[in-house]
Amino acid sequence: MPYDLSKLLVIGISSRALFDLKHEAKIFKDKGLEKYIDYQLEHENDVLKPGTAFPLVKNLLELNKLKGERLVEVIVMSKNSPDTGLRIFNSIKHYNLDITRAALTGGEPLANYLEGFNVDLFLSKSNEDVGTAIDAGFAAAMLYDPPQNDSIEMTDKVRIAFDADAVLFSEESEAIYKTQGLEAFYENERQNVNKPLQEGPFAKLLIALSKMQKGFEPANAPVRIAIVTARNSPAHERVIKTLRAWDVRVDAAFFLGGISKDQILKAFKAQIFLTIKKCIWDLLQRLSLLV
C-alpha cells in the first residue's frame with residue numbers, strides 16, 4: 001500500500017535553500033555544466049555548510065519527536081542529477097536530518113513534481129522556480145540570503161509569521177482599498193464583519209499548522225504562529241472572526257496600521273515571514289527572513 005503523505009505537513013525545500021551552494025552555483029554559471037559535474041563528483045564526500053533554511057528545517061523535523069508520531073515530512077528537491085545529488089544525501093546524513101525522500105530531476109522544473117509529493121509549501125532560492133510553483137497552484141516562497149556577518153538564529157520553536165490580505169485571505173478587500181481608498185475599505189469590513197474572508201494562497205498552510213498545534217497546551221506548542229498585518233481597527237475584527245470560522249488558533253496578531261513590520265518581526269523572532277508584497281524585499285534581506 002503506498003505511503004500516504006496527505007495527512008502530514010509536507011515541506012518541499014530546494015537543496016540551495018537547505019545547504020550553502022553559492023560556490024557551486026558560481027562554478028555552474030561561470031564554467032558550465034561539465035565543470036560543475038566534475039566539481040561535485042570530486043567533492044561528494046565534502047559536507048556542505050548549512051544554508052539559510054537549515055534552522056527552520058531542523059526545527060520542523062524536531063516536531064516529529066515531540067508527539068511520538070510523524071507530523072512533518074521534508075522533501076529535498078533539486079535539479080541535480082542522481083549522480084551529482086549524492087553530495088546532498090551525504091550532507092543530510094552528516095547532520096542527522098530525518099530526510100529520506102528527494103526529487104533529483106536532472107534539470108527539469110521542480111514544480112512538475114510538487115503534486116506527486118503532496119507538497120504544502122515549497123521553499124526555494126530561485127525566483128523562477130517559486131513563480132512556476134505558484135502558477136501551478138502551490139504555496140511557494142522565495143528565500144533570500146541573510147546579510148553578511150549576520151548569524152542564522154536557532155530558536156526553541158518553529159516561528160512563522162503570515163501577512164494577511166492577498167496571503168492568508170483573498171485579495172478582495174485589498175482590491176477595494178487600492179481602487180476606492182481607505183474609508184471604502186473600512187466600510188466594507190464593517191458591513192461584512194461577520195462574513196469570513198475567503199481563503200488566500202497560504203490559508204491551507206495556516207490551517208495545517210493550526211491542526212498540528214492541537215493537542216499541545218498553548219505555552220508548550222512547538223509551533224508559534226503570528227499574523228503581522230497593515231490592518232488596524234476597525235478592520236481587525238473581521239480577521240479574528242474569520243480565524244474562528246476556520247477553527248484556527250494563532251498565538252499572536254499585530255495590527256500595525258501602516259507601521260513598519262521589521263522590528264515586530266525581529267521581536268517575534270520569525271524564522272519565516274510569508275508575504276507577496278515586493279516592497280518589503282529589503283526588509284526581508286535585513287532580517288534573514290523568507291518571503
Side-chain angles (χ1 to χ4, degrees), residues 120-122 127 130-131 133-144 159-211 213 223-287 289-291:
D120 294 300
L121 175 64
F122 173 61
N127 186 59
V130 168
I134 291 172
D135 289 343
F138 292 89
M142 177 73 184
L143 174 67
Y144 295 98
R159 292 173 171 266
I160 300 179
F162 290 86
D163 206 341
D165 292 287
V167 178
L168 286 181
F169 312 124
S170 73
E171 297 182 3
E172 179 183 353
S173 292
E174 185 164 284
I176 292 173
Y177 167 69
K178 288 180 177 178
T179 58
Q180 302 178 43
L182 185 59
E183 287 306 316
F185 167 78
Y186 283 150
E187 183 59 29
N188 179 72
E189 298 309 286
R190 289 190 195 98
Q191 291 180 4
N192 294 283
V193 66
N194 293 313
K195 179 182 178 182
L197 289 152
Q198 295 183 25
E199 292 184 5
F202 288 95
K204 286 182 173 59
L205 176 63
L206 174 66
I207 293 168
L209 288 167
S210 181
K211 287 180 180 178
Q213 286 185 313
V223 180
R224 189 162 175 81
I225 303 170
I227 295 178
V228 182
T229 173
R231 282 178 176 248
N232 60 340
S233 178
H236 69 295
E237 187 175 358
R238 193 178 182 195
V239 169
I240 295 170
K241 289 187 174 181
T242 296
L243 296 177
R244 288 177 182 171
W246 291 358
D247 192 25
V248 163
R249 185 188 83 207
V250 298
D251 301 285
F254 303 94
F255 299 97
L256 302 183
I259 296 172
S260 177
K261 296 184 174 92
D262 56 352
Q263 291 302 313
I264 299 299
L265 291 166
K266 187 174 183 180
F268 180 70
K269 298 180 181 178
Q271 291 174 299
I272 175 170
F273 178 47
L274 295 166
T275 181
I276 61 170
K277 296 179 180 177
K278 305 301 183 182
C279 62
I280 63 170
W281 187 84
D282 291 333
L283 155 65
L284 296 169
Q285 279 203 314
R286 290 200 302 275
L287 293 179
L289 300 175
L290 301 173
V291 58

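For reference, positions follow the sequence shown, starting with 1.
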message = In terms of relative ring orientation, are F255 and H236 parallel, tilted or perpendicular, with 30° and 60° separating the classes?
response = perpendicular
remark   = Here the pair of heavy atoms bringing L274 nearest to V167 is O-CG1, 3.4 Å
query = Run the side chain to side chain contact (heavy atoms under 4.5 Å, CB included) check on R238 and L197 step by step: do they pass?
reply = CA-CA 7 Å; R238 193 178 182 195; L197 289 152; 3.6 Å; yes
ask   = Can you name the closest pair of heavy atoms from V130 and A141 and give their distance?
value = CG2-O, 3.4 Å
task = Kindly say whether F185 contributes a backbone atom to a donor-acceptor pair with the side chain of Q180 at under 3.5 angstrom?
result = no
inquiry  = Quick check for you: to the nearest 0.5 Å, what is the distance between Q198 atom CD and T242 atom OG1?
reply    = 10.5 Å
query = Is any side-chain heavy atom of N232 closer than 4.5 Å to a side-chain heavy atom of Y186?
reply = yes
task = Please examine the side chains of L256 and I264, heavy atoms only from C-beta on, and report whether any two atoms are closer than 4.5 Å.
result = yes
task = Go through the side-chain N and O atoms of S170 and E199 and say whether any donor and acceptor fall under 3.5 Å apart.
result = no
ask   = Hey, is the main chain of R159 close enough, under 3.5 Å, to the side chain of Q271 for a donor-acceptor pair?
value = yes
remark   = What one should report as the nearest heavy-atom pair of F202 and L168 is O-CD2, 3.8 Å
query = With a 4.5 Å limit on heavy-atom distance, are the side chains of F273 and D262 in contact?
reply = no
request  = Quick one: do F162 and L206 satisfy side chain to side chain contact (heavy atoms under 4.5 Å, CB included)? Show the steps, please.
outcome  = CA-CA 8 Å; F162 290 86; L206 174 66; 3.9 Å; yes
request  = Report yes if the side chains of K211 and V248 come closer than 4.5 Å at any heavy-atom pair, otherwise no.
outcome  = no
ask   = So, for A139 and P201, which heavy atoms are closest and what is the spacing to 0.1 Å?
value = CB-O, 3.8 Å
ask   = Taking the side chain as C-beta and beyond, is there a heavy-atom pair between L243 and I227 under 4.5 Å?
value = yes
request  = Establish, yes or no, whether the cationic atom of R224 lies under 6.0 Å from the six-membered ring centre of F268 and within 45° of the ring axis.
outcome  = no
ask   = Is a salt bridge present between D165 and R231, judged by a nitrogen-to-oxygen distance below 4.0 Å?
value = yes
query = Residues in salt bridge (charged side-chain N to carboxylate O under 4.0 Å, His left out) with R190, at least two apart?
reply = E187
ask   = How long is the gap from CD on E174 to OG1 on T179, to the nearest 0.5 Å?
value = 10.5 Å
query = Are any of the side-chain heavy atoms of L121 and I272 separated by less than 4.5 Å?
reply = yes
Minimal non-hydrogen separation, A161 against V228, with atom names = CB-CG2, 4.1 Å
ask   = Considering residues, nucleotides and ligands other than F138, do more than 12 of their heavy atoms fall under 6.0 Å from its CZ?
value = yes
query = What distance do K178 atom NZ and S173 atom OG have between them, rounded to the nearest 0.5 Å?
reply = 12.0 Å
query = Going by distance alone, is a donor N or O of one side chain under 3.5 Å from an acceptor N or O of the other, for E172 and N188?
reply = no
request  = Using a 4.5 Å cut-off on heavy atoms from C-beta on, say whether the side chain of K241 contacts that of P196.
outcome  = no
query = Heavy atoms, side chains only, cut-off 4.5 Å: are K261 and D163 in contact?
reply = yes
